[in-house]
Structures are given as C-alpha cells and as structure tokens.
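Down below is the structure, laid out as structure tokens.
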Amino acid sequence: MKVNCDKGGIEKTSQIIQKGGVVVFPTDTVYGIGCNPYNRNSIKKIYEIKSRDKIKSLPVLAYS
C-alpha cells in the first residue's frame with residue numbers, strides 16, 4: 001500500500017505500526033524500514049525482510 005505524506009498518510013502509517021506492521025519510507029539517500037521498536041514480532045519481520053543475521057543489531061532512530 002502506498003500512502004501520501006500528508007495528515008491522512010501519517011495517520012495510516014501510525015495505525016500500521018501500532019498493529020505490528022512494518023513500513024518503508026524514503027529518506028534523503030535510501031529507503032528506511034520502520035516498525036515499533038518495542039514489538040518483537042515487528043523486529044523479527046524486519047530481520048526477515050532484510051535477510052539480516054540475528055547477531056547484527058538494528059539502529060533505532062527517533063525524534064528527540
């Protein structure tokens with residue numbers, strides 16, 4: 001699903017994350033993958049999507 005970067009899109013993205021989903025978003029240089037960092041199942045999904053080794057940690061980026 002693609003959403004616009006407006007109030008409605010941000011609300012939809014927030015709902016997806018709250019329900020344990022994973023979102024992909026553009027940054028200045030690459031695409032980011034985001035989820036609720038407190039939801040273990042969401043984190044597992046990111047590891048699966050990226051085929052990332054479990055011993056490699058993921059960065060947590062947050063506002064303020």
Side-chain angles (χ1 to χ4, degrees):
M1 164 188 325
K2 182 178 178 181
V3 298
N4 293 324
C5 189
D6 58 14
K7 185 176 179 180
I10 292 169
E11 288 175 5
K12 182 64 179 172
T13 302
S14 176
Q15 291 171 359
I16 291 168
I17 291 171
Q18 288 175 11
K19 292 178 181 178
V22 174
V23 296
V24 177
F25 53 92
T27 69
D28 289 343
T29 56
V30 297
Y31 283 91
I33 302 176
C35 72
N36 177 347
Y38 300 107
N39 183 319
R40 290 182 187 265
N41 290 326
S42 297
I43 295 168
K44 287 179 185 178
K45 288 178 189 177
I46 290 181
Y47 274 98
E48 290 171 10
I49 291 167
K50 293 178 63 78
S51 298
R52 189 176 179 100
D53 191 347
K54 301 278 193 260
I55 62 171
K56 289 185 172 182
S57 61
L58 294 170
V60 176
L61 307 175
Y63 176 74
S64 284

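This one's a predicted model, so the numbers in the text were calculated from it and none came from an experiment.
- With S14 contributing its side chain and I10 its backbone, the two residues share no donor-acceptor pair below 3.5 Å.
- Grouping Ile, Leu, Val, Met, Phe, Trp and Tyr by side-chain contacts under 4.5 Å, direct or through others, leaves L61 on its own.
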Just list the side-chain donor-acceptor pairs under 3.5 Å for residues 31-39, sequence neighbours left out, or say none.
from: N36; atom 1: OD1; to: Y38; atom 2: N; distance (Å): 2.7
from: N39; atom 1: OD1; to: N41; atom 2: N; distance (Å): 2.9
from: N39; atom 1: OD1; to: S42; atom 2: N; distance (Å): 3.0

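- Applying the side-chain hydrogen bond (donor to acceptor under 3.5 Å, both in side chains) test to pairs two or more places apart or on separate chains, none has a residue in residues 44-62.
- Take F25 and apply the side-chain contact (heavy atoms from CB on, under 4.5 Å) test, not counting sequence neighbours, and it matches V23, T27.
- Connectivity analysis of hydrophobic side chains (ILVMFWY, heavy atoms under 4.5 Å, direct or indirect) links I55 to nothing; its cluster partners are none.
- With sequence neighbours excluded, no residue satisfies side-chain hydrogen bond (donor to acceptor under 3.5 Å, both in side chains) with Q15.
- V60 and L58 are assigned to two separate hydrophobic clusters, defined by single-linkage of ILVMFWY side chains at heavy-atom distances under 4.5 Å.
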